[in-house]
Amino acid sequence: MKERTDRLSNLQISFIISSTVIGVTVLVLPRTATELAKSGGFIATFVTGLLMAFILMIIALLARRFPNSTIIEYSREIIGFVPAKILGIVFFIYFITIGSAILRIFCDAVKVLLLEQTPLEILIITFLFVVVYLCLNGISSIAKICELFEPLVIGTMLLVIILSFRNFNSEELLPAFKQDVFEWISAIPSLTISYLGIEILLFAVPFVQNPDKILGYGLLGILPSIIIYTLLVAVTLGSVGVEPVVQSLYPVIQLARYIRFPGGFAERFDIFFMVFWILGAYTTLSSYTYMASVSLSRILGLRNFKPLSILVIPFLYILSLMPQNIKEIGTFSQYASYLGLAVLAVLVILYILAVIFKKGEVKK
Amino acid sequence: MRAVKRFMMVVLIMGIMLTQIGCWDRIDIENNAFILGLGLDLPEKADQNDDMVMVTYQIALPAAMLGQAGQGDGGGGGGGSSSTLNISIEAKNLATAEQTLMATLNQVPNYAHLQLVVFGEGLAKKGIGKYIDFFFRDPRVRSRTKVGVCQGKAGDIFKVQPKTVQSTSQYISDLLDENEKRSLMILMPLDFGEMQKHLMRKLDVCLPKLTVKKDTLTLEGAGVFNGDKLTAWFTGSEVVSLKWLHGEPAKGAIEIYDEKLKAGNIVFKIINNSISIRPVLKDNGFVFKVKIEVEGDISEIQYEGSDTYNAEFIREVENHVKKKIIQLNNDIFNKLVNEYETDCIEFGRRVQNYYPDFWEKNKDNWKEYFVNSALDLDVDVRIRRVGVIK
């Protein structure tokens, strides 16, 4: 079952989770949060984060019961052969959908904000090439890249947050505390997409050095995203204002553009932000491509996922070109988010079944 | 097999190299026309050409800018050595104007250094809402770009050649950045980021007022808008209350005069200023509790025999300054509420923040409530120092 001899350290698990979670959707996150939850967007983001941390805990417990195989294989033990195959296909579709949704959001943002004249297809293809190149080297390379990039990505986002405090008006957040709880809950399904990526734990566990500790390190992996997301939404709301955030297609760029760097030597802070955001997008999409190709190989009963990761490219490419305009991209990613929530719910059910039928190893 | 693999690898690498360099979007720096300022006016012949707008672009001429700096300031000056190029274009909207600009210029318009957008008086009175969407929608325009309104034609602003910097736009932008913190005559700058917030909430705005007299450019006073239409001009001395009621700390000098003090005109200079505003709902309207804390020095006295090194005198002056501040603010507030009925001081936003439920219900007829609102001022003045002489 082991493809490589080098294994992932515990901290690498944290890095791989946090860099799979933090990625493309950061750019649109404040809008998604604010559309339904208004000023309470930051609370909704935090609540979603807690929910996701809870699901991550269950995923970690589930994965710990089967430390030597991926979900596609051990689901057979829990729910039987045919349902497990169907589940595997659902997983594959899910990874492809999320992957192409974020790929399209990413390339569209790059086209609008950075490379206006470059054809979208070229952006997508080049990005896919780079992603597959990383994927071909397996999860340990992905983990190393995550380890390298993630501090930069998180650092830049924190810098954006800190520098925006100068424009921050706390009064804008006051209405949040007079809101209905349901307004926050209503935003959870669309916010899920921002936290998706925690499933990477299911695929990383067979390569982990010390599977006993994945629960703690997994939670450590989701912690940065909860903190950064909540702060980012709060700061964007406070400095851009509720209505402009809802209207803005890339609210974080608007936030970054509004930053006046002390001394005024860097007039365009948004470019700086985007450079590191691209790194975040890269790690996210690499993880998804990896998960898609591994799950496809396991469905087909193959050992080697590498040829399949090249096979995944056309799927991602075609699906990401499906939405015809910016509104359709939004709808697409929203459905992808719902699908993600459904898949996470299935994982929770799987865990409950595994506990009931006493499947897998139980650690004392 | 191995050769095939290697060949595939080379093809892949070549493919990546060819596609990764991204020369689609390359524009050489000398082919960029950096637009520094934009002026929006009614067209010259203002017949009933309803939709037409005259756009004046101020474009940087980097070569001329460098040349002037090389020669050293002072000299040159003459007709030909201007460091900016002004082009006026009449069009239906800004995007079309840009099309015409591209047809007149051998460079690609670049908005990355856009400093200033000025609305002419005529256009501002007719409504600016129609022409502002371009700035919010276009990804190239920065939200830190400052907005102003000009008495007369906005195009004339750019004709002035300031001596201290290379372009009018830079001049005004610097002025708003630096001197706004030191003078009470200048309104705080409003940029597109803020403006978008106000316009989306259907709140009114006030913009810094620019005036040109011969070849001096002055930036004192404010243009007050009702919706997107200019309704009134405020003078330099009225600007300070606009700032305060806005919740913006203001620094600068206030002049007071009183017979009893026997000190002639006294100028009080604000060194430290903090302000907080809270709306309170009372039966049919809002009361805005404004707390202004002012700390400062005496900076000038036009009377020889006075003694400022005196606790009683200081207390007296403090009281006078306090009275003056209350009077200034009440005057402006009454003007805004009774005369112009424009909420350019963000009270609507405060109500929205403190009373979200009320706002949801009444945001469409907020003006009715605004007209009934009252001001509750609490001013605290402290004179700390009197300069270096008694």
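Residue numbers start from 1 in every chain, and the chains themselves are labelled A, B, ... in the order their sequence lines are given, proteins ahead of strands.
Looking at B:K197 and A:E172, their side chains come closer than 4.5 Å, going by heavy atoms from C-beta outward. Side chains of A:Q247 and B:M200 form a contact here, defined as non-hydrogen atoms less than 4.5 Å apart.
B:K282 NZ: 12 or fewer foreign heavy atoms inside a 6.0 Å radius. Enclosure of atom NZ in A:K111 by more than 12 non-hydrogen atoms of other residues, nucleotides or ligands within 6.0 angstrom is indicated. Enclosure of atom OH in A:Y250 by more than 12 non-hydrogen atoms of other residues, nucleotides or ligands within 6.0 angstrom is indicated. No more than 12 heavy atoms of other residues, nucleotides or ligands lie within 6.0 Å of CZ in A:F46, so this atom counts as exposed by the packing criterion. No more than 12 heavy-atom neighbours from other residues, nucleotides or ligands sit within 6.0 angstrom of CZ on B:R137.
The heavy-atom pair separating B:N353 from A:L174 by the smallest distance is O-CB, 3.5 Å. Among all heavy-atom pairs drawn from A:V112 and B:P139, the shortest one is O-CG, 3.7 Å.
Heavy atoms of B:I277 lying under 4.5 Å from chain A belong exclusively to its backbone. At a 4.5 Å heavy-atom cutoff, A:Q179 makes no contact with chain B through either its backbone or its side chain. Residue B:L199: no heavy atom, backbone or side chain, is found under 4.5 Å from chain A.
Between the CG atom in B:D191 and the CZ atom in A:R257 there is a gap of 13.0 Å [rounded to 0.5 Å]. Within the model, atoms CZ of B:F136 and CD of A:Q254 stand 9.0 Å from one another, a figure rounded to the nearest 0.5 Å. Between the OH atom in A:Y133 and the CD1 atom in B:I13 there is a gap of 7.5 Å [rounded to 0.5 Å]. Here B:L203 contributes atom CG and A:E243 contributes atom CD; the two are 8.5 Å apart, rounded to the nearest 0.5 Å.
Each of B:R201, B:R350, B:Q196 has some count of heavy-atom pairs under 4.5 Å with chain A, and the biggest count is that of B:R201. Looking only at heavy-atom pairs under 4.5 Å with chain B, the residue among A:G241, A:S248, A:P119 that has the most is A:P119. Per-residue counts of heavy-atom pairs under 4.5 Å with chain B were compared for A:N167, A:V246, A:V240, A:I253; the largest is that of A:V240.
Contacts between residues 354-363 of chain B and chain A, defined by a heavy-atom separation under 4.5 Å, are made by B:Y354, B:P356.
With respect to the salt-bridge test (charged N to carboxylate O, under 4.0 angstrom), the residues B:R349 and A:E171 qualify.
Listed for the B:R144 side chain is a donor-acceptor partner under 3.5 Å among the backbone atoms of A:Y258.
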